[in-house]
Amino acid sequence: MYFMYILLAIGGFLGAFFALRNRSERTKRLAVVIIASVNLAQHLLKGLIYPHYWGGHYSLHLSSAYNVCAFLIISSPFIWLFGSKLLKNFLTYIGTIAGMIAMLVPYWFIGQSAFQSEAYRFYLCHSLLFISSLLPAFLGLVKLEWKHFWKIGLLFFAMLGIIIVNDIFFIAIGHYPVSNPSDIYGSLREINPCWSITAPSGFDSLVKIISVFTPRFLRGGNSAGFYVPILWYAIPMYIGITLVAFGVCVLCDLDAFKAHLRAIKENISKKKNK
């Protein structure tokens, strides 16, 4: 079922693409917004839709922007309707990667049954996020522009900041389980959204790689003795996101990139001839 869920997500994407590729631009945009809106609806109403949340097991924070995928699910319909080209580029990159990686590495479900309400919810929302993020690029609704490659990582960190503020709010009002409103930082360390607060346990090799790029005072070697949120892995994370974004951008916007290189060469030649 692990592979079946992934194949269903890819099949859903291919089915939507072939069904929409020859449709009008208006129909394509409407379809993408509908897919993203359905995902938003199931996210906001998960306490009513999914049986495992019934009987007092639902917490209000679960319908908020409490992690990366939740933030992307909430923002997707609005970005596709009203967002700038940059935001649409960002959503295409991060939404596609976040949706697919969550399904490829579902470590929350290791050792559990694939046939349970939470598994159905998990794969449904991440499949819809993956499809609604990648589909616009294949349908020609968004053009991945190489000039935006260096901004994607910065927007990613801004998103993490919003997620942390969101989590602080729900911790403070007592609507985040396994958290303590009187110890917000300690609670954030326990939740550790997207590993932004402190180093994750069980990923020692990855932490060692991050340590190569990050100054010691950002990862505990300071007077307070704690990891600086987001900044403790910002340098390697930004480098990684930017390199991937650059590679994809250049491939998708090759003509514009070549034109930029020609313009640089022409400017250099003019300066030499003066």
Crowding at CD, Gln42 (>12 non-hydrogen neighbours, <6.0 Å): yes
Side chains of Tyr233 and Ser211 in contact at under 4.5 Å (non-hydrogen atoms): no
Close side-chain approach of Val207 and Arg219, heavy atoms under 4.5 Å: no
Salt bridge present between Glu145 and Lys147 (N-O < 4.0 angstrom): yes
Asn192 side chain to Thr198 side chain, donor-acceptor N/O pair below 3.5 angstrom: no
From CA spacing to verdict: side-chain contact (heavy atoms from CB on, under 4.5 Å), Trp80, Leu91: CA-CA 9 Å; Trp80 292 128; Leu91 184 55; 3.4 Å; yes
His126 ring center near Phe130 ring center (under 6.0 Å): no
Atom pair CG (Leu135) and CZ (Arg21), whose distance is rounded to the nearest 0.5 Å: 12.5 Å
Close side-chain approach of Val68 and Leu160, heavy atoms under 4.5 Å: yes
Validation row: Ile164, Ile230 side chains within 4.5 angstrom (heavy atoms): yes
Flag side-chain contact, heavy atom, 4.5 Å: Asp167 against Ile184: no
Within-4.5 Å side-chain heavy-atom neighbours: Leu254 and Trp146: no
Check: Phe170 ring centre within less than 6.0 Å of Tyr66 ring centre: no
Side chain to side chain donor-acceptor pair (under 3.5 Å) between Ser24 and Thr27, intermediate numbers included: CA-CA 5 Å; Ser24 66; Thr27 300; 2.9 Å; yes
Glu25 bridged to Arg29 by N-O distance under 4.0 Å: yes
Heavy atoms of other groups near Phe17 CZ, more than 12 under 6.0 Å: yes
Which atom of Ile131 lies closest to which atom of Gly12, heavy atoms considered: CD1-C, 3.8 Å
Plane angle bin for Phe203 and Trp195 - parallel if under 30°, tilted between 30 and 60°, otherwise perpendicular: tilted
Which atom of Ser127 lies closest to which atom of Ala9, heavy atoms considered: OG-CB, 3.3 Å
Met1 atom CE: more than 12 heavy-atom contacts under 6.0 Å: yes
Donor-acceptor under 3.5 Å (Asn267 side chain, Ala263 main chain): yes
Audit row: Ile197, Glu190, side-chain contact (heavy atoms from CB on, under 4.5 Å) steps and yes/no: CA-CA 9 Å; Ile197 307 301; Glu190 288 296 317; over 6 Å; no
Hydrophobic cluster (4.5 angstrom, side-chain heavy atoms) - remaining members for Leu243: Ile209, Val212, Phe213, Ile235, Ile239
side-chain contact (heavy atoms from CB on, under 4.5 Å) between Met237 and Phe157, intermediate numbers included: CA-CA 9 Å; Met237 180 72 81; Phe157 296 134; 3.8 Å; yes
is_close_aromatic(Tyr5, Tyr123), centroid dist under 6.0 Å: yes
Residues which pass ring-ring contact (aromatic ring centres under 6.0 Å, His included) with Tyr50, listed by chain and number, not counting sequence neighbours: none
Rounded distance [0.5 Å steps], NZ in Lys258 versus CG in Asp253: 11.5 Å
Parallel, tilted or perpendicular, as decided by the 30° and 60° cut-offs, for the rings of Tyr176 and His61: parallel
Lys46 side chain vs Leu62 backbone, donor-acceptor pair below 3.5 Å: yes
Steps toward side chain to side chain donor-acceptor pair (under 3.5 Å) verdict (Tyr58, Ser63): CA-CA 9 Å; Tyr58 170 75; Ser63 291; 2.6 Å; yes
Tyr107, OH: over 12 other non-hydrogen atoms inside 6.0 angstrom: yes
Separation of Asn39 CG from Ile34 CD1 (nearest 0.5 Å): 13.5 Å
Plane angle bin for Phe149 and Phe246 - parallel if under 30°, tilted between 30 and 60°, otherwise perpendicular: perpendicular
Sub-4.5 Å side-chain heavy-atom contact between Tyr53 and Glu118: yes
Spacing of CZ belonging to Phe156 relative to OG1 belonging to Thr242, to within rounding of 0.5 Å: 11.5 Å
Validation row: Ile73, Cys125 side chains within 4.5 angstrom (heavy atoms): yes
Rounded distance [0.5 Å steps], CZ in Arg23 versus CG in Leu30: 12.0 Å
Euclidean distance, Phe71 CZ relative to Ser64 OG, rounded to 0.5 Å: 11.5 Å
